[in-house]
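Report on one structure; see the data block that follows.
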Amino acid sequence: MVEQDTIKLLRECDAGVKMGVASIEDVLDHVRSEELRRRLWDSKKEHEELEKEIRDLLNGYQDDGKMPNPMAQGMSWMKTNMKLAVEDSDSVVAELMTDGCNMGVESLSRYLNQYKAADEQSKGIAKKLIRMEETLAVDLRGYL
């Protein structure tokens, strides 16, 4: 049970971190403020570093990880492009990213509660990803 919950939690973290990277990449070309661009770029690098850590752990379990849900990814891409087509601004970028962070925190928290038997290392990774998302959302408030 511990190993299965660990793998399942790591898979969800893997999908979440990939979704975060993709979301940041989707908005970077629309950012006007150098400060906001730098903050998003730093967050993208943080996500990619955590992704490597998750991948290493999953490799230890001979698991390929998990891609984000294609439907969720498509909906996110569509929402991003539609909103930015109407108003291409840092405020909209911040709103979109904040919404994504909040959804990430919600789903990761749910998985953390669902996979209670996961090992402490994988729980720590999930908590770290949650903190990263919460911090980014707070940092973006000045752009809303």
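Here the closest non-hydrogen pair linking Gly16 and Leu129 is C-CD2, 4.5 Å. Of all non-hydrogen atoms in Asn102 and Ala137, the two that sit nearest each other are OD1-CB, 4.3 Å. Heavy-atom minimum distance, Asp14 versus Gly65: OD2-CA, 3.3 Å. The heavy-atom pair separating Val21 from His47 by the smallest distance is CG2-CB, 3.5 Å. The minimum heavy-atom distance between Ala126 and Leu112, with the atom names listed, is CB-CD1, 3.9 Å. Leu136 approaches Cys101 most closely through the heavy-atom pair CD2-SG, 3.7 Å.
Interatomic distance, Asp88 CG to Asn81 CG, rounded to the nearest 0.5 Å: 10.0 Å. Atom CZ in Arg32 sits 11.0 Å away from atom OG in Ser91 (nearest 0.5 Å). The line from OG1 of Thr6 to CG of Asp119 is 3.5 Å long, rounded to the nearest 0.5 Å. A distance of 11.0 Å separates SG in Cys13 from NZ in Lys66, rounded to the nearest 0.5 Å. Glu53 CD to Lys128 NZ: the interatomic distance, rounded to the nearest 0.5 Å, is 5.5 Å. Here the CG-CD1 distance, from Asp56 to Ile54, works out to 10.0 Å after rounding to the nearest 0.5 Å.
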Verdict with reasoning, Glu134 to Arg131, per salt bridge (Lys or Arg N to Asp or Glu O under 4.0 Å): CA-CA 5 Å; Glu134 288 172 335; Arg131 282 190 306 274; over 6 Å; no
Determine whether Glu120 and Lys123 satisfy the following criterion, salt bridge (Lys or Arg N to Asp or Glu O under 4.0 Å), listing intermediate values before the conclusion. CA-CA 5 Å; Glu120 291 305 312; Lys123 288 180 185 178; 3.6 Å; yes
Derivation and outcome, side-chain contact (heavy atoms from CB on, under 4.5 Å), residues Val93 and Leu84: CA-CA 8 Å; Val93 168; Leu84 287 169; 4.0 Å; yes
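Met97 and Val92 fall within a single hydrophobic cluster, where Ile, Leu, Val, Met, Phe, Trp and Tyr are joined by side-chain heavy atoms under 4.5 Å apart, directly or via other members. Follow the hydrophobic side-chain contacts under 4.5 Å out from Leu96 and you reach Leu28 in the same cluster. The same ILVMFWY cluster, assembled from side-chain heavy atoms under 4.5 Å apart, contains both Tyr115 and Leu50. Using a 4.5 Å cut-off between side-chain heavy atoms of Ile, Leu, Val, Met, Phe, Trp and Tyr, with links allowed through other members, Met82 and Met75 fall into the same hydrophobic cluster. By the rule that hydrophobic residues join a cluster once side-chain heavy atoms approach within less than 4.5 Å of another member, Val17 and Met67 end up as members of separate clusters.
Each side chain to side chain donor-acceptor pair (under 3.5 Å) pair with one or both residues in residues 70-80, not counting sequence neighbours, appears once here: Lys79-Asp99.
Within the 4.5 Å cutoff, side-chain heavy atoms of Arg141 are placed close to those of Val138. Side-chain contact between Leu10 and Asp63: absent, with no pair of heavy atoms (C-beta onward) separated by less than 4.5 Å. Between Leu140 and Leu36, some side-chain heavy-atom pair lies under the 4.5 Å cut-off. Counting heavy atoms from C-beta outward, Ser122 and Leu57 have side chains that stay 4.5 Å or more apart. Asp90 is listed as a side-chain neighbour of Val31, based on a closest heavy-atom distance under 4.5 Å.
In summary, Glu35 and Arg38 do not engage in a salt bridge, as defined by a charged side-chain N under 4.0 Å from a carboxylate O. Look at Glu12 and Lys8 and you find no salt bridge, because none of the NZ, NE, NH1 or NH2 atoms lies under 4.0 Å from a carboxylate O. Between Glu49 and Lys52, none of the side-chain N atoms (NZ, or NE/NH1/NH2) sits under 4.0 Å from a carboxylate O, so this pair counts as no salt bridge. Between Glu106 and Arg110, at least one side-chain nitrogen of the basic residue sits less than 4.0 Å from a carboxylate oxygen of the acidic one, meeting the salt-bridge criterion.
Hydrophobic cluster membership of Met19, counting Ile, Leu, Val, Met, Phe, Trp and Tyr whose side-chain heavy atoms lie under 4.5 Å apart directly or via other members: none, as it forms a cluster of its own.
The backbone N or O of Val105 lies less than 3.5 Å from a partner atom in the side chain of Ser109, making a donor-acceptor pair.
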